[in-house]
*Asks:* 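One structure, pasted below without further comment.
What you see is a predicted model, and the numbers here were worked out from it, not measured in a lab. In what follows, every heavy atom counts, from backbone to side chain, and hydrogens, waters and symmetry copies are set aside.
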Amino acid sequence: GRAERAIRPEAEPAVAMGIYHVRGMLELARDRAADALAACRAAERLAGQLAAPDLLPMPTRAYLVHALVRLGETGRAAEVLAGLGEPDRDRGEMRVAAAVLQLAQDDPRAAASVLAPVLDGSAPLARGSWLAEAFMLEAMARDALGEAAAAARAVERALDLAEPDGAMGAFL
């Protein structure tokens, strides 16, 4: 909140966009999806003011999808994903967001399929914490498919990834 008050978005849109990105991430971790959505939308508006408006970070778009899903707006979340070009949809963060949507739509097989390139390292990620989340989603998908051993392995992998930094976001 203090950072938002200190930055004048009209003077520093890229910096303000970054602050809203972090705010969206934090609000999701706090289970405040409406606030996360508002922060992501604010970042999106600021991105439109930049010389290259397509610079809205993929993780911010992924947080936007997460927030929409948590608010029960799965149709809007699907529209966001459908509006992306293939290279953007194939990024790791967007694959994680797509898996969140597919799990919310009771399609664990599709969620596991979309996560496979993230888990094998072939889909790029901005930060390693996304990988822990991907393994937690994999665990949820495998559990829903009745694959208890695979679910347990995925949880263990997520814990191994999160332990060095104490990054608990994937478990919240």
Side-chain angles (χ1 to χ4, degrees), residues 20-44 47 54 56-162 167-172:
Y20 284 119
H21 164 80
V22 171
R23 179 76 179 255
M25 175 183 63
L26 293 173
E27 296 298 358
L28 278 173
R30 296 173 66 196
D31 199 27
R32 295 172 51 171
D35 294 333
L37 180 61
C40 292
R41 290 287 186 208
E44 201 172 43
D54 59 333
L56 183 67
M58 273 305 121
T60 302
R61 285 194 177 103
Y63 294 146
L64 181 100
V65 171
H66 281 245
L68 288 168
V69 169
R70 287 190 191 178
L71 291 169
E73 297 184 34
T74 56
R76 285 181 59 201
E79 289 173 10
V80 170
L81 290 169
L84 298 173
E86 189 174 337
D88 289 339
R89 254 193 323 272
D90 285 342
R91 287 201 47 86
E93 298 85 2
M94 296 314 298
R95 286 180 168 277
V96 169
V100 167
L101 175 61
Q102 289 162 339
L103 286 170
Q105 295 174 327
D106 295 322
D107 193 349
R109 193 164 311 284
S113 176
V114 80
L115 285 170
V118 177
L119 303 179
D120 72 15
S122 62
L125 290 164
R127 286 190 344 258
S129 61
W130 284 93
L131 189 55
E133 182 173 359
F135 274 104
M136 283 305 298
L137 292 168
E138 170 77 357
M140 293 168 66
R142 296 300 170 189
D143 183 59
L145 293 168
E147 300 172 10
R153 284 191 302 274
V155 169
E156 284 299 320
R157 184 72 175 116
L159 288 168
D160 289 344
L161 289 165
M168 300 309 294
F171 305 97
L172 296 175

*Asks:* With rounding to the nearest 0.5 angstrom, report the CE to CZ distance, Met58 to Arg95.
*Replies:* 13.5 Å
*Asks:* With rounding to the nearest 0.5 Å, note down the distance linking CG in Leu101 to CZ in Arg76.
*Replies:* 13.0 Å
*Asks:* Partners of Arg91 by side chain to side chain donor-acceptor pair (under 3.5 Å), sequence neighbours excluded?
*Replies:*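 Arg91 satisfies side chain to side chain donor-acceptor pair (under 3.5 Å) with Glu93 once adjacent residues are dropped.
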*Asks:* For a quick test of reading the model, state the closest non-hydrogen atom pair linking Ala36 to Gly24 and the distance between them.
*Replies:* CB-O, 3.5 Å
*Asks:* Which value, rounded to the nearest 0.5 Å, describes the distance between Met140 atom CE and Leu115 atom CG?
*Replies:* 10.5 Å
*Asks:* Start with the C-alpha distance between Glu44 and Arg41, add both sets of side-chain angles, then the distance that settles salt bridge (Lys or Arg N to Asp or Glu O under 4.0 Å), and finish with yes or no.
*Replies:* CA-CA 5 Å; Glu44 201 172 43; Arg41 290 287 186 208; 2.8 Å; yes
*Asks:* Please tell me if the side chains of Thr74 and Leu68 come closer than 4.5 Å, counting only heavy atoms from C-beta onward.
*Replies:* no
*Asks:* Any carboxylate oxygen within less than 4.0 angstrom of a Lys/Arg side-chain nitrogen, looking at Arg89 and Glu86?
*Replies:*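 Salt bridge flag = no for Glu86 with Arg89.
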*Asks:* On a heavy-atom basis, which atom in Ala112 and which in Arg142 lie closest, and how many Å separate them?
*Replies:*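 Heavy atoms of Ala112 and Arg142 come nearest at CB-NH2, 3.5 Å.
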*Asks:* Using side-chain heavy atoms (C-beta onward) and a distance below 4.5 Å, is His66 in contact with Arg61?
*Replies:* no
*Asks:* Could you grab the distance from atom CG of Leu28 to atom SG of Cys40, nearest 0.5 Å is fine?
*Replies:*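 With rounding to 0.5 Å, CG (Leu28) is 6.5 Å from SG (Cys40).
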*Asks:* Could you tell me whether the side chain of Val118 reaches within less than 4.5 Å of the side chain of Leu125, counting heavy atoms only?
*Replies:*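 Side-chain contact under 4.5 Å: yes.
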*Asks:* Please report the C-alpha distance between Glu147 and Asp143 in whole Å, then the side-chain angles of each, then the deciding distance to 0.1 Å, and finally whether the side chain to side chain contact (heavy atoms under 4.5 Å, CB included) criterion is met.
*Replies:* CA-CA 5 Å; Glu147 300 172 10; Asp143 183 59; over 6 Å; no
*Asks:* Return the set of residues passing ring-ring contact (aromatic ring centres under 6.0 Å, His included) with Tyr63 (not counting sequence neighbours), or none when no residue passes.
*Replies:*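 Testing Tyr63 for ring-ring contact (aromatic ring centres under 6.0 Å, His included), a comparison that skips the adjacent residues, returns His21, Trp130.
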*Asks:* With rounding to the nearest 0.5 angstrom, report the CE to CG distance, Met94 to Asp88.
*Replies:*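 Rounded to the nearest 0.5 Å, the CE-CG separation comes to 8.0 Å.
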*Asks:* Looking at Met25, I want to see if its CE is surrounded by more than 12 non-hydrogen atoms of other residues, nucleotides or ligands under 6.0 Å.
*Replies:* yes
*Asks:* When rounded to the nearest 0.5 angstrom, what is the spacing between CG in Leu64 and CG in Leu81?
*Replies:*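 It is 9.5 Å, given to the nearest 0.5 Å.
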*Asks:* Is the closest side-chain heavy-atom distance between Phe135 and Val155 below 4.5 Å?
*Replies:* no
*Asks:* Please check: side-chain N/O of Arg23 versus main-chain N/O of Ala39, any donor-acceptor pairing under 3.5 Å?
*Replies:*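 Looks like no, no N/O pair under 3.5 Å.
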*Asks:* What closest approach, in Å, do Ala111 and Ala99 show between heavy atoms, and which atom pair accounts for it?
*Replies:* CB-O, 3.8 Å
*Asks:* Would you confirm whether Arg32, through its side chain, and Glu27, through its main-chain N or O, come within 3.5 Å as a donor-acceptor pair?
*Replies:*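 Pair absent, no side-chain N/O of Arg32 close to backbone of Glu27.
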*Asks:* Hey, does Arg70 have a side-chain heavy atom less than 4.5 Å from the side chain of Asp31?
*Replies:*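 Yes, at least one pair of side-chain atoms sits under 4.5 Å.
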*Asks:* Side chains of Pro117 and Asp90, heavy atoms from C-beta outward: is any pair under 4.5 Å?
*Replies:* no
